[in-house]
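For reference, the structure discussed in these notes is given below.
Numbering of residues begins at 1 and proceeds along the displayed sequence.
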Amino acid sequence: MGGNTGLSKVLVSDVDGTLLGGEGQDRRRLCNALKRNPDITVVYATGRGLASVQALLRDEPLMPIPRWIIADVGASVIDGSRMVHVKAMEGRLRAGWPGSDRVRSALRGFPQLVYQDGVPQEGRCSFYLNPEDLSAELTSTVKALGCSWSYASGRYFDVLPARASKGRALRLLACQLGWPRHAMLVAGDSLNDLSLFSQGTHAVIVANAEPALAAGVPMSELVHRSPREGAGAVLEGLERLGWLVRRSVVVGYHRSPVRWYDGAWRSPSSPNGILPTLQAALTGGRLDAVWAAAHTGETLPPAQPLPIADGLALSLLPLDPDRWAGYFHRACKETLWPALVNQPDLIRDRPVHWADYEAVNTAFACHIGSLAAQAGTVWLHDYNLWLVPAVLKVHRPDLAIGLFHHTPFPHPDVFRRIPAAAQLRDSLAQLDWAGFHTADCADNFRRLLAGIAGPTPRVGVHPLGIDRDAVAGLARTRPQRHHGSDGTQLVLSVERLDYAKAPVQKIRALDTLLGQEPRHREQVRYRLVCPPPEAGIRAYDSTRAELEAAINRINRRWRTKSWEPVQYIPRNLDFPEIVDNYLAADVFWVASLADGMNLTAQEYVTARHATGQPGVLVLSRHTGVAQHLGTAAVLTDPLLPHGLVVSLSAALAMSVDERAAHITRLAGLLDLPNPAEWALTVIDAIRESVSERSRKSVM
């Protein structure tokens, strides 16, 4: 199907089974797409009468608003802006019409015809009729009246004026308004739409169409026989013509960079993390970008892409809350996450929730495809969208598709323990580019895809830094506290509640240390800032219960009147409050079982160095940033409980001078690119990968 080069774009569509057909999310996406593209004129071509159409528009919020209505199976033409009949045109369509009373009188000899009482109709007579009762005698009687007839859906028999049909009404309307055939797209599902498909326009036959319609339409490059039903097929037709607003870069991440709070869209307070990192990179007009994210709120998202910052728009994909729960709370967190953090024994296989994961990934792929310009760049993020590449490559092979893994990527042996491992691997093989923070994760990915036929994705290693200037600048503005002047020390962790962060192991290690080294009692306090996950995620329930029980035990065991060893803060803090905690902490403790880069460690070092304060970073060997800081940090391994105790003890024993030198050395090693630079480098890598993949495919 070729593109439209003129200014006019006209969508002519049946209603029942077409605009009203398919899944609810496709109807919503189509309605929103048409609102975003007011240059597309919407024309209904329906068997309904005007009163029925008006009731539909009143009761169906997801129906596109029509500019014109071809009603009564082509016997009526209505100006949709004023809801008035176009009498001159209807006069030509209804020429020779004998009137409803005469038609009904002439057909009384056919008792199998049941008149549709209560159905508003003008310029036609509508009956119910079973397929076996459609006879030559009946159609001959209609012809003798000087009328034509239409039979559709194995039920509806319409007697029409001889010159009336949806196709003829469209032809008259197009002639009067100057619509060229190449600027029109017709869509239908019923046999009474057949005349629409004979006008030489672009066309879509929906997957749920009557077989007789599909059989009656000749094969043509202009006609797309969609595998999707109803509104989804219409949307696909619009996308194939290139009629929808497109962007050269589409970012796909399940989370939105902003959230609705107190009547306004709010951005994260931290300059670091996936959301602010991407937002910083895609703003400023450097890229023609849109961000595709999920929306699970009760209210519908805005129809137009939401401008959230200079040069960046947000396009929300509405998802049913139950579907989201099955997808994210269950499949992502209970099936995939355990594999990513090397805890395969925790993997749960729930087919019903995997179906939600598949459905959401398919919806994301369709949504992203509707936003991307021809030969555009798609940048996906994390395991939440692992099935998107396979769907996108089928429907939009023109796109360059990259995926960056902010999480660890497991060893192939662990990956293969995911129940849908083969399905996921086949999808990941469709990527043009895959990115990772560390060489180890990149190697795991390469080994997973080894032996797959055909070209494999180009792989890049791009460790992410933080916005050091922003963190340092904020740290210098915060009140400087002289904590520890009495010899006490504060150990700090800032992390979300997750068994992969090893919070329980840290509490046990501290408990052991206090037992083994009594001098630390009343001298060391551990502050754990640990906000809970999104409501509904059960995967961390046991971790939360175990953590809280461990905290209660250690505090009961060692507390005194003026001191208890653990302060637990189970809520989110604003970023300035987090920086205040960095500035108060003598030791920052990261003990992840598996992790991405871990930006909090970088923030701690930056904040302390910017304010000239000494400090100690105790860092898990299993974080991405450990590969860059190496032994400059106090490395620890949470898989070895005694190692946690030893490393914490060593950190607490360091002198002030040693800590000052320690922080200075760490800060000098934090030469990683800032978020904006990093993201632009990744986008360039995705674009460059396409030509390389093309070369491999012809070798």
Test ring pair (Phe, Tyr, Trp, His ring centres under 6.0 Å), reference H462, set F436, W433, W678, output is W433
So the salt bridge (charged side-chain N to carboxylate O under 4.0 Å, His left out) pairs with at least one residue in residues 365-388 (sequence neighbours excluded) are none
The ring-ring contact (aromatic ring centres under 6.0 Å, His included) partners of W354 (sequence neighbours excluded) come to Y357
List the steps, then state whether salt bridge (Lys or Arg N to Asp or Glu O under 4.0 Å) holds for E534 with R255. CA-CA 12 Å; E534 178 180 305; R255 292 292 189 193; 2.5 Å; yes
Contacts satisfying side-chain hydrogen bond (donor to acceptor under 3.5 Å, both in side chains) that involve residues 339-349 (not counting sequence neighbours) are D345-R417
Closest non-hydrogen atoms of G188 and D14, given as atom of the first, atom of the second and distance, are CA-CB, 4.1 Å
Closest non-hydrogen contact found for G596 with P408 is N-CD, 4.1 Å
For A292 and L371, the nearest pair of non-hydrogen atoms, with its separation, is CB-CD1, 4.0 Å
Under a 3.5 Å distance rule, please check whether N572 uses its side chain to pair with a backbone N or O of P531 as donor and acceptor.
no
**Message:** Main chain of E210, side chain of D189: is a donor-acceptor contact present, judged purely on distance under 3.5 Å?
**Reply:** no
Nearest heavy-atom approach of R225 to A214 is NH1-O, 2.9 Å
Paired with V494, the side-chain contact (heavy atoms from CB on, under 4.5 Å) test is passed by just one of V590, I569, V529, namely V529
Should the pair E60-R27 be classified as a salt bridge under the 4.0 Å nitrogen-to-oxygen rule?
yes
d(E548 CD, T543 OG1) to nearest 0.5 Å is 11.0 Å
#### Entry: Trace of the side chain to side chain contact (heavy atoms under 4.5 Å, CB included) decision for F409 with L448
CA-CA 10 Å; F409 194 86; L448 177 70; 3.7 Å; yes
Review point. With distance as the sole criterion, is a donor-acceptor pair present between the side chains of R447 and N444 under 3.5 Å?
Key: yes
Note to self: Does any part of the side chain of I551, heavy atoms only, come nearer than 4.5 Å to the side chain of L547, both counted from C-beta?
What the structure shows: yes
Is a side-chain donor or acceptor of T18 paired with a backbone partner of V15 at a separation under 3.5 angstrom?
no
Tell me if a side-chain donor or acceptor on T46 pairs with a main-chain N or O of R48 at a distance below 3.5 Å.
yes
- Message: Ignoring hydrogens and geometry beyond distance, is a side-chain donor-acceptor pair present between W243 and H202 at under 3.5 Å?
- Response: no
*asked:* Are K35 and P64 packed together at the side-chain level, in the sense that at least one heavy-atom pair is separated by less than 4.5 angstrom?
replied: no
Closest non-hydrogen atoms of P318 and R28, given as atom of the first, atom of the second and distance, are CG-CD, 2.9 Å
Q. Is the shortest heavy-atom distance from the side chain of S542 to the side chain of Y499 under 4.5 Å?
A. no
Any R323 side-chain heavy atom under 4.5 Å of V360 side chain
yes
Rounded to the nearest 0.5 angstrom, the CG-OH distance for L19 and Y44 is 6.0 Å
Check against side chain to side chain contact (heavy atoms under 4.5 Å, CB included), S592 and N598 = CA-CA 9 Å; S592 307; N598 194 286; 4.3 Å; yes
Would F364 and W324 count as a ring-ring contact (aromatic ring centres under 6.0 Å, His included) if you check the C-alpha gap in whole Å, the side-chain angles of each, and the deciding distance to 0.1 Å?
-> CA-CA 12 Å; F364 255 104; W324 171 264; 8.3 Å; no
When rounded to the nearest 0.5 Å, the distance separating NE2 of H381 from NE2 of H254 is 11.5 Å
Output for pair (L30 CG, E236 CD), nearest 0.5 Å, gives 12.0 Å
Taken in chain and number order and not counting sequence neighbours, the residues that satisfy side chain to side chain donor-acceptor pair (under 3.5 Å) with H411 are none
Heavy atoms of L213 and A209 approach each other most closely as CD2-CB, 4.1 Å
- [ ] Taking N208 for its side chain and G230 for its backbone only, find out whether a donor-acceptor pair lies under 3.5 Å.
- [x] yes
dist L387:CG -> S427:OG (nearest 0.5 Å) comes out at 5.0 Å
message: Please check: side-chain N/O of D193 versus main-chain N/O of S190, any donor-acceptor pairing under 3.5 Å?
response: yes
Discussion item. Donor-acceptor pair, distance only, cut-off 3.5 Å: does the side chain of D398 make one with the backbone of A375?
Written reply: yes
Check: Does a side-chain heavy-atom distance below 4.5 Å link Y540 with P532?
Finding: no
Is any side-chain heavy atom of L314 closer than 4.5 Å to a side-chain heavy atom of V290?
no
### Message
Check this for me, if you would: do R538 and D541 make a salt bridge, where the nitrogen-to-carboxylate-oxygen distance has to be below 4.0 angstrom?
### Response
no
**Prompt:** For N384, does its backbone N or O pair with a side-chain atom of N361 as donor and acceptor, under 3.5 Å?
**Reply:** yes
Is D26 reaching over with its side chain to a backbone N or O of G22, donor-acceptor style, under 3.5 angstrom?
no
**Report entry** Steps toward side chain to side chain contact (heavy atoms under 4.5 Å, CB included) verdict (H329, H353)
**Finding:** CA-CA 9 Å; H329 299 169; H353 298 145; over 6 Å; no
| Intermediate values then yes/no, side chain to side chain contact (heavy atoms under 4.5 Å, CB included), F404 and I686 | CA-CA 10 Å; F404 196 90; I686 297 171; over 6 Å; no
Within the structure provided, determine whether Q602 and L599 are in side-chain contact (heavy-atom separation under 4.5 Å). yes
request  = List the steps, then state whether salt bridge (Lys or Arg N to Asp or Glu O under 4.0 Å) holds for K501 with D595.
outcome  = CA-CA 8 Å; K501 301 293 185 179; D595 212 337; 3.0 Å; yes
Between the CG atom in L34 and the CG atom in L238, the distance rounded to the nearest 0.5 Å is 6.0 Å
**Asked** Does the side chain of M63 reach to within under 4.5 Å of the side chain of L56, using non-hydrogen atoms?
**Response** yes
**Request:** Check for a donor-acceptor pair, side chain of R396 on one end and backbone N or O of I368 on the other, with a separation under 3.5 Å.
**Result:** no
- Taking atom types as modelled and ignoring hydrogens, do the side chains of S315 and H367 form a donor-acceptor contact shorter than 3.5 angstrom? yes
Applying side chain to side chain donor-acceptor pair (under 3.5 Å) to Y383 and not counting sequence neighbours gives K333
*asked:* Between E495 and K506 (salt bridge meaning N to carboxylate O under 4.0 Å), is one present in this structure?
replied: yes
Residue set satisfying side chain to side chain donor-acceptor pair (under 3.5 Å) with D426, at least two apart, ordered chain then number -> none
